[in-house]
Amino acid sequence: MTEQFKGKVALVTGGAAGIGRETAEAFARNGAQVVVSDVNAQAGEETASAIRNTGGKAIFIACDVSQGEQVEQLITGTLEAYGRLDFAFNNAGVEFEQGKLADGDEDTFDRIMDINVKGVWHCMRHEIKAMLAQGGGVIVNTASVAGLGAAPKMSIYSASKHAVIGFTKSAAVEYGKKGIRVNAVCPGVIDTEMFRRAAELDPKKAAYAAAIHPVGRIGQSSEIAAAVLYLCSEGAAFTTGVALPVDGGATSI
Ligand SMILES: NC(=O)c1ccc[n+]([C@@H]2O[C@H](COP(=O)([O-])OP(=O)(O)OC[C@H]3O[C@@H](n4cnc5c(N)ncnc54)[C@H](O)[C@@H]3O)[C@@H](O)[C@H]2O)c1
């Protein structure tokens, strides 16, 4: 436990599992009051309760990020509970894709874009209003290495993560003088349920994905959490508009 973020309030979407859960726990270990949010209420409540059981401060607020009204209520609920919003980690996202571009269908396109793109947009709009009212804050969005280059058989997902980086950079420029920093993390392949689901559906693709990292392994959620906490810290005060690969060197090849 450290007190680095004592008195600060951190919101994590997709906080019930994987990268989101690990990051919510890391914020709490470093003194922040945490709002865990997810569409999966049972797992989200469980995450918040696990944080409280280890001495941290956390509440759970259910929210499907693709639904604007629910996101508005999430931010209102955060302000009602803790009075402010210092750090927002917009991390909820889905993959759901197993074919080349010409094999894609419109339902899959809409679902991925609704959650990965419109969801981040909804969150940023409401978070920025809250941060403007209090004089600043930090936003970190989860993009992906798939937002920096090609992702074979995941073209819709790749396009959605490119869009997340577009929002990140534009908002960083728009709100830089207002004390709001906005960055993205771009994970390589990380050992979460998302990766395990993909591996089960297409073991060849999973083997390819695992082999893209020069460090010779896939990543852990804790390694993304560490990058998110750094981007929220005072040490990153001059860092904004960045799409930071945390990818074992994958994008350097
Ligand atoms: N795992 C990887 O290899 C990897 C790599 C690059 C980027 N990412 C990105 O990291 C983020 C987290 O992924 P993960 O691997 O931890 O996935 P995960 O599937 O383990 O967890 C995602 C969480 O998001 C929640 N979620 C899904 N749809 C939601 C919605 N509409 N509203 C609110 N919550 C919702 C899920 O319930 C789940 O708890 C995603 O944005 C993903 O695209 C993952």
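We count ligands from 1, going down the list as the structure has it; atoms in each ligand are counted the same way. On a predicted model such as this, the values are computed, not experimentally measured, just so you know.
The closest approach between a heavy atom of Arg21 and any atom of ligand 1 is not below 4.0 Å. In this structure, Ala143 has a heavy atom closer than 4.0 Å to ligand 1. Using a 4.0 angstrom heavy-atom cutoff, Ala198 does not count as in contact with ligand 1.
Counting all heavy atoms, side chain and backbone alike, Glu127 lies closest to Asn90 at OE2-OD1, 2.6 Å. Summarising the geometry of Gln33 relative to Tyr82, their closest heavy-atom pair is OE1-CD2, 3.2 Å, with the distance given to 0.1 Å. Asp86 and Met131 make their closest contact through O-CE, 3.7 Å (heavy atoms, listed as atom of the first residue, atom of the second, distance). Contact between Asn30 and Leu229 at its shortest, heavy atoms only, is ND2-CD2, 3.4 Å. Taking each heavy atom of Pro245 and Ala243 in turn, the nearest pair found is CD-O, 3.2 Å. A pairwise comparison of heavy atoms in Gly15 and Asp38 identifies N-OD2, 3.3 Å as the closest pair.
In Ser37, neither the side chain nor the backbone holds a heavy atom less than 4.0 Å from any atom of ligand 1. With a 4.0 Å cut-off on non-hydrogen atoms, Cys63 touches ligand 1 through its backbone and not its side chain. Contact annotation for Ile115 and ligand 1: only side-chain heavy atoms (C-beta onward) come within less than 4.0 Å of the ligand. The residue Thr13 has no part lying near ligand 1, judged by heavy-atom distances below 4.0 Å.
Side-chain atoms of Gln70 come within 3.5 Å of backbone N or O of Asp64 as a donor-acceptor pair. Distance alone, capped at 3.5 Å, is enough to place a donor-acceptor pair between the Asn183 side chain and the Thr239 backbone.
When only non-hydrogen protein atoms are considered, atom 3 (O) of ligand 1 lies nearest to Ile190 N, 2.8 Å. When hydrogens are left out, the protein atom nearest atom 32 (N) of ligand 1 is Val65 N, 3.1 Å; that is the closest non-hydrogen contact. In terms of protein heavy-atom proximity, atom 13 (O) of ligand 1 is nearest to Met194 CE, 3.9 Å. For atom 40 (C) of ligand 1, the closest non-hydrogen atom on the protein side is Asn91 O, 3.3 Å. Here the heavy atom of the protein found nearest to atom 43 (O) of ligand 1 is Tyr157 OH, 2.6 Å. Given atom 1 (N) of ligand 1, the protein heavy atom at minimum distance is Thr192 OG1, 3.1 Å. For atom 5 (C) of ligand 1, the closest non-hydrogen atom of the protein is Gly188 O, 3.1 Å. Atom 21 (O) of ligand 1 has as its closest protein heavy atom Ala17 CB, 3.9 Å.
Look at Glu46 and Arg21 and you find a salt bridge, because one of the NZ, NE, NH1 or NH2 atoms lies within 4.0 Å of a carboxylate O, short of that distance. Using a 4.0 Å cut-off between a side-chain N of Lys or Arg and a carboxylate O of Asp or Glu, Glu200 and Arg196 do not qualify as a salt bridge.
Below 3.5 Å of separation, one finds an N or O of Asp38 facing an N or O of ligand 1. Considering backbone and side-chain N/O of Ile19, one or more are found under 3.5 Å from N/O of ligand 1. In terms of polar-atom proximity, defined here as any N/O pair under 3.5 Å, Asn40 makes no such contact with ligand 1. Any N or O atom pair closer than 3.5 Å counts here, and Phe195 shares no such pair with ligand 1. For ligand 1, the polar-atom distance check against Thr142 finds no nitrogen or oxygen pair separated by under 3.5 Å.
Close approach of ligand 1 to Ala16 (heavy-atom distance below 4.0 Å) involves ligand atoms 39 (O). Close contacts of ligand 1 with Glu193, meaning ligand atoms under 4.0 Å from a residue heavy atom, involve 20 (O). Those atoms of ligand 1 that come under 4.0 Å of a heavy atom in Val189, given as number and element, are 3 (O). Numbered from 1 in the order shown, with element, the atoms of ligand 1 that lie under 4.0 Å from a heavy atom of Gly14 read 23 (C), 24 (O), 25 (C). Every atom of ligand 1 with a heavy atom of Asp64 under 4.0 Å away is listed here by number and element: 30 (C), 31 (N), 32 (N). Residue Arg197 has at least one heavy-atom neighbour below 4.0 Å for each of these atoms of ligand 1: 19 (O).
Annotation for Lys100: atom NZ does not count as buried by contact number, only 12 or fewer foreign heavy atoms lying within 6.0 Å. Annotation for Gln42: atom CD does not count as buried by contact number, only 12 or fewer foreign heavy atoms lying within 6.0 Å.
Between the choices Val120, Val39, Val12, Val94, the shortest heavy-atom distance to atom 29 (C) of ligand 1 belongs to Val39. Considering each of Gly20, Gly93, Ala92, the one bringing a non-hydrogen atom nearest atom 22 (C) of ligand 1 is Gly93.
Sorted by first then second residue, the ring-ring contact (aromatic ring centres under 6.0 Å, His included) pairs that include residues 32-60, not counting sequence neighbours, number zero.
Between Phe27 and Phe87, the angle of the ring planes stays under 30°, which puts this pair in the parallel group of the 30/60° scheme.
Both Tyr175 and Val182 sit in one connected hydrophobic cluster of ILVMFWY residues. Membership requires side-chain heavy atoms under 4.5 Å apart, directly or through other members.
Counting heavy atoms from C-beta on, the side chains of Thr142 and Pro187 come closer than 4.5 Å.
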